[in-house]
Amino acid sequence: MPRVIPGALSALLLCLGCGRATLDSDSLVNGDQPSPHKPLNDAGSDGGAQRDSNTEQRDATPSDYTALGDSSAHEDTTAVSGAPVELDAGTRGMTPVAPDLDAGASDAGRGSAAPVEGCGSDARCDAAPAEHACAHGYAGETCDECDVGGGYVQWPPEPTTCVPDPCIAVTCAGLGPCHLDGKGFARCDCDNGMSGPKCNETWAHFTPPPSITDVRFDALGNGWFYTTRGLVYWDLNGTPNDTSDDAWQLLDQDHSLFKSVATDSQGRLWTASGSTIRLLDDGGTPLDPSDDEWQTYTFDTYWRSQNYLARFRLDARDRAWLIQHSTGGVKMLPELDLFERAEIPWITLFSGLSLNDVAGEGDGVWLAAATGSFYVDLGSDLSDEADDRWIDFSAVPLLADKHVVTILIDSLGGKWFNTDKGMVHLDDGGDPFDQSKHEWTLWSPPSGSDSSGDGPIMAFGPDGSPWLGLPAGSVLRIDGTAPAPQTEYDLAATSLFRSFTEDQRVGAISFDPEERIWLTVGGELYRFDHGHTPTDPSDDVWIRMGRPQFNANVVEVHADPNGEGVWVLLGVPQISVPDDNAIYYVHLGEPENAFDDVWIRYYDELELGFSWNLYGFDSKGILWSRNDNLFDPDPARHILMNGGGTPLDASDDTLAIYAARGAAAPWPNVVGFDPSGVWFEDGYLDYGQSMTDTDDDLWVALDSFKPNTMAVDATGNRWFGYRGDAARNVGIGGALRSFDDGGTLTKTDDDTWVDFSLADGLPFYEPDYRFFNISDVQIDAHGLIWIADGSDRSETTSPRLCNLDDNGTAQDKSDDTWTAYLPAEGIDDRRIEHMTIDGNSDLWLATSGGLRYLHVER
């Protein structure tokens with residue numbers, strides 16, 4: 001039988017209840033607990049008598065669940081704590097029980113019997129004959145040893161507590177020995193490099209390498225890189241074309257949504273994000289953070305609640321420029337010392353413009369706006385717009401068809417415009433208004449720097465060399481000499497990378513037709529190409545796609561079925577205006593270059609309103625979202641978008657609004673798609689041949705319960721996963737349910753519902769059924785039903801993942817086989833947000849601790 005150890009007390013119960021050990025009903029022994037009150041000849045326990053599987057279940061609480069058994073009852077068992085454990089239907093009806101390790105803690109968990117003559121002062125035996133003296137599982141003259149021959153092992157190491165040895169139930173397919181790990185889980189040392197109780201599993205855990213998002217240099221010529229994992233100081237050691245003698249230090253791991261970094265004329269470092277600006281005093285030892293002092297300046301209440309920081313710039317005059325997220329224009333502070341004021345005296349400029357970037361120069365400022373590119377001389381009075389002088393460069397041929405994203409000014413006064421179609425350089429001869437002196441150039445990296453793509457330029461070094469951002473997240477220094485050498489600064493290639501290995505939450509995952517993976521990590525959009533070798537990281541390519549709005553999180557992603565791009569939903573942590581949450585289509589340019597991608601905002605094109613969810617594509621290729629039109633009397637609505645394969649052109653799209661017709665819930669979610677229609681919380685919709693014609697719509701009420709997710713198997717059965725709470729699913733028979741409509745969706749009298757709960761083998765246990773949470777259900781090509789647990793739990797020993805093989809007979813539980821994946825190297829205790837299955841039937845998990853991959857050799 002599967003042996004479970006007390007290190008998993010609350011969860012190992014689950015593994016027995018759901019595990020996949022080919023067990024029969026004779027595999028469990030009721031009450032075989034290591035207790036001194038239960039000698040082998042005790043009445044009511046024959047030391048090996050086996051309980052029939054149909055024995056009445058006893059009531060059990062999480063604290064008294066334990067798996068025990070007679071060591072002689074092991075037959076062809078494959079259960080392993082911490083890896084998949086399997087159990088067939090023969091054990092159904094049994095409530096596994098576990099040793100009560102809390103009882104008698106003073107005597108190492110063996111009870112509190114009084115000393116008995118001849119048994120030692122710490123009595124672990126009784127006055128029975130010697131051959132029956134020790135409690136079951138114990139051995140030795142004073143019963144202070146574990147009965148290894150009887151299938152028991154000491155766990156935990158101290159004090160001496162004997163429990164059934166989990167390795168007895170694990171064969172490792174004859175490919176290696178089994179041992180107990182530091183948590184008491186059984187582990188196989190597989191000779192074939194795989195893992196699991198059958199040595200047939202391959203797990204991989206993917207962490208995106210840190211990307212560099214901003215770069216500045218101090219007076220000594222050393223770099224300050226802001227990355228997706230924090231602020232890094234990079235000592236170039238005077239040799240910017242040689243990284244072998246460099247040193248690094250991670251100074252700040254504040255993972256704010258966006259960070260800018262800047263240095264002032266005194267060489268001081270400034271960072272900014274959200275609603276704060278921070279000044280660093282490194283004590284003259286940037287490689288030693290122990291003496292660092294940070295001074296923080298926080299914006300007023302309005303800034304904190306409404307206007308997150310989008311850009312923070314310092315110019316050569318130490319003027320500070322800030323662009324807000326939610327309002328137009330720019331805030332300027334003419335002197336850095338003014339940060340010391342209780343209320344920072346910002347000067348608001350150009351409030352009617354939506355700005356992407358600013359670059360202060362002389363008495364004025366360069367602007368990259370949604371409507372074009374400008375230079376403005378601010379005159380003698382900064383707050384008086386009447387004396388401003390403007391010049392518009394929007395009609396300049398090299399800028400006319402381009403969207404300017406950022407503006408930089410080099411040490412020689414050259415202006416550099418990063419655009420969506422490359423980099424443009426301007427030499428204005430020192431006079432922005434005298435266009436006769438202006439020379440415009442479309443700039444590309446010199447020959448030999450082809451790997452840089454089209455930019456963008458992130459900074460200029462003290463020697464004037466441009467530093468370009470690369471799609472994979474590193475930066476490339478370009479030396480202007482010929483032939484042009486280049487030096488790549490890659491955080492992932494440094495010893496510092498181990499400081500960045502902490503897990504990051506993956507919220508969504510999707511495959512495109514090229515089998516590249518699109519995922520959201522920390523609110524950023526990433527593209528991951530594993531080269532069709534998920535377990536070989538040498539050919540992996542990560543591209544950080546970023547986001548078009550600073551402070552906006554990418555929360556959902558769905559690859560377009562036509563392979564032209566992806567659809568994403570952006571959201572902001574605090575809602576300030578109705579259109580903050582918006583749907584974008586990302587049209588892809590070159591495969592390994594994120595800089596020529598085009599983001600199209602569909603709120604502007606189609607007036608979708610506030611977008612709550614982006615559900616993906618149904619079987620007819622229609623994209624579904626849930627939106628809120630604040631001017632609609634019925635705000636709950638779902639939008640269908642049919643662009644005929646032209647997502648770049650919204651003019652031929654068809655929109656249809658589907659409110660919650662007859663639904664009990666005012667905000668119904670789309671649960672899933674099947675070949676015939678769309679499932680909501682409250683029912684099923686087949687919209688027929690026409691999305692806009694409601695006459696051919698078919699609505700079917702589901703039942704009184706509200707599912708969270710669903711999938712359809714090869715026989716047409718629908719499998720629904722539920723989330724439990726008092727208002728929604730009171731009285732539900734199981735967190736997983738199968739639905740057979742009898743071939744007639746419109747008739748309910750021939751419907752068959754089958755509920756699966758803990759008693760049936762579903763391993764996700766909560767103290768109260770109100771709190772179960774099936775976050776995702778997927779079905780692979782082999783018919784296995786994969787079920788993910790999305791609960792937030794503090795304990796770390798319960799399964800998060802399992803599968804059910806129903807042998808194609810959803811209504812017959814007798815031939816079911818469950819496999820539960822306990823916390824282990826692969827899945828540990830992380831919450832599973834979402835699952836998807838690739839063309840090889842391999843499982844990919846988006847979890848609160850990163851992207852995980854599971855391959856099971858069949």
Side-chain angles (χ1 to χ4, degrees), residues 8 10-11 14 82-84 183 185 203-211 228-230 253-257 499-511 517-526 528 534 542 544 547 552-558 568-573 613-614 669 708-709 721-725 735 763-767 771-778 786-803 820-837 842-854:
S10 64
L14 309 174
K183 292 184 177 180
F185 291 133
W203 283 93
H205 179 192
F206 300 95
T207 300
S211 294
T228 51
R229 310 283 187 87
Q253 297 187 70
D254 178 15
H255 300 165
S256 299
L257 292 175
S499 301
F500 296 115
T501 56
E502 76 275 6
D503 290 331
Q504 290 184 295
R505 176 181 176 270
V506 176
I509 180 174
S510 179
F511 279 92
I517 299 173
W518 294 82
L519 65 158
T520 65
V521 182
E524 299 274 0
L525 178 64
Y526 284 81
F528 172 44
W542 288 89
R544 174 179 166 269
R547 52 199 168 196
N553 282 318
V554 181
V555 293
E556 296 181 32
V557 56
H558 296 279
V568 300
L569 173 65
L570 267 68
V572 294
N613 298 97
L614 184 64
N669 292 311
N708 200 38
T709 182
Y722 291 81
R723 176 174 181 168
D725 59 57
F764 307 144
Y765 177 79
E766 291 289 351
F771 301 110
F772 54 76
N773 181 8
I774 303 297
S775 61
D776 204 357
V777 175
Q778 298 284 338
W786 292 88
I787 307 136
D789 175 23
S791 302
D792 287 309
R793 293 198 295 253
S794 58
E795 52 84 15
T796 60
T797 54
S798 295
R800 295 292 190 179
L801 174 69
C802 75
N803 65 49
Y821 291 81
L822 288 182
E825 294 88 348
I827 189 59
D828 60 39
D829 62 327
R830 303 297 184 174
R831 183 176 70 255
I832 299 175
E833 310 277 355
H834 180 62
M835 301 187 296
T836 191
I837 297 172
D842 292 334
L843 192 67
W844 295 82
L845 307 171
T847 81
S848 60
L851 176 65
R852 313 295 170 94
Y853 161 85
L854 171 62

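Treat the numbers as computed from the prediction; the structure is a model and nothing was measured.
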List for me each residue that meets ring-ring contact (aromatic ring centres under 6.0 Å, His included) alongside W518, sequence neighbours excluded, and say none if there are none. none

A side-chain contact here means heavy atoms from C-beta on lying under 4.5 Å apart; do [X] and [Y] qualify?
X	Y	answer
L845	W786	no
D776	T709	yes
I787	F764	yes
Y821	L854	yes
R229	T207	yes
S775	E833	no

Is it the case that the side chain of H834 and the backbone of S510 share a donor-acceptor pair, with hydrogens and angles ignored and the cut-off at 3.5 Å? no

I774 backbone acceptor or donor facing N708 side chain under 3.5 Å: yes

Partner set under side-chain hydrogen bond (donor to acceptor under 3.5 Å, both in side chains) for Y722, not counting sequence neighbours: R737

With side chain to side chain contact (heavy atoms under 4.5 Å, CB included) as the criterion, how do N803 and L843 come out once you've worked through the C-alpha distance, each side chain's angles and the decisive distance to 0.1 Å? CA-CA 11 Å; N803 65 49; L843 192 67; over 6 Å; no

Assess the residue pair R831 and N773 against the criterion (side chain to side chain contact (heavy atoms under 4.5 Å, CB included)); give the C-alpha distance rounded to whole Å, side-chain angles, the decisive distance to 0.1 Å, and a yes or no. CA-CA 11 Å; R831 183 176 70 255; N773 181 8; 5.8 Å; no

What's the verdict on side chain to side chain contact (heavy atoms under 4.5 Å, CB included) for F528 and L851, showing C-alpha distance, side-chain angles and the deciding distance? CA-CA 11 Å; F528 172 44; L851 176 65; 4.1 Å; yes

Applying side chain to side chain contact (heavy atoms under 4.5 Å, CB included), run through Y526 and T228 and close with a yes or a no. CA-CA 12 Å; Y526 284 81; T228 51; 4.0 Å; yes

Among V555, L525, V554, whose side-chain contact (heavy atoms from CB on, under 4.5 Å) with L570 holds? V554

side-chain contact (heavy atoms from CB on, under 4.5 Å) partner of V557, the single match among L614, I517, V568, L519: V568

Rounded at 0.5 Å granularity, tell me how far [atom1] in [X] sits from [atom2] in [Y].
X	Y	atom1	atom2	value
R505	T847	CZ	OG1	9.5 Å
Q504	E524	CD	CD	9.5 Å
N669	N613	CG	CG	5.5 Å

Mind listing the closest non-hydrogen atom pair of [X] and [Y] along with its distance?
X	Y	value
A846	V506	CB-CG1, 3.4 Å
A204	P534	CB-O, 4.1 Å
H205	G849	NE2-O, 3.0 Å

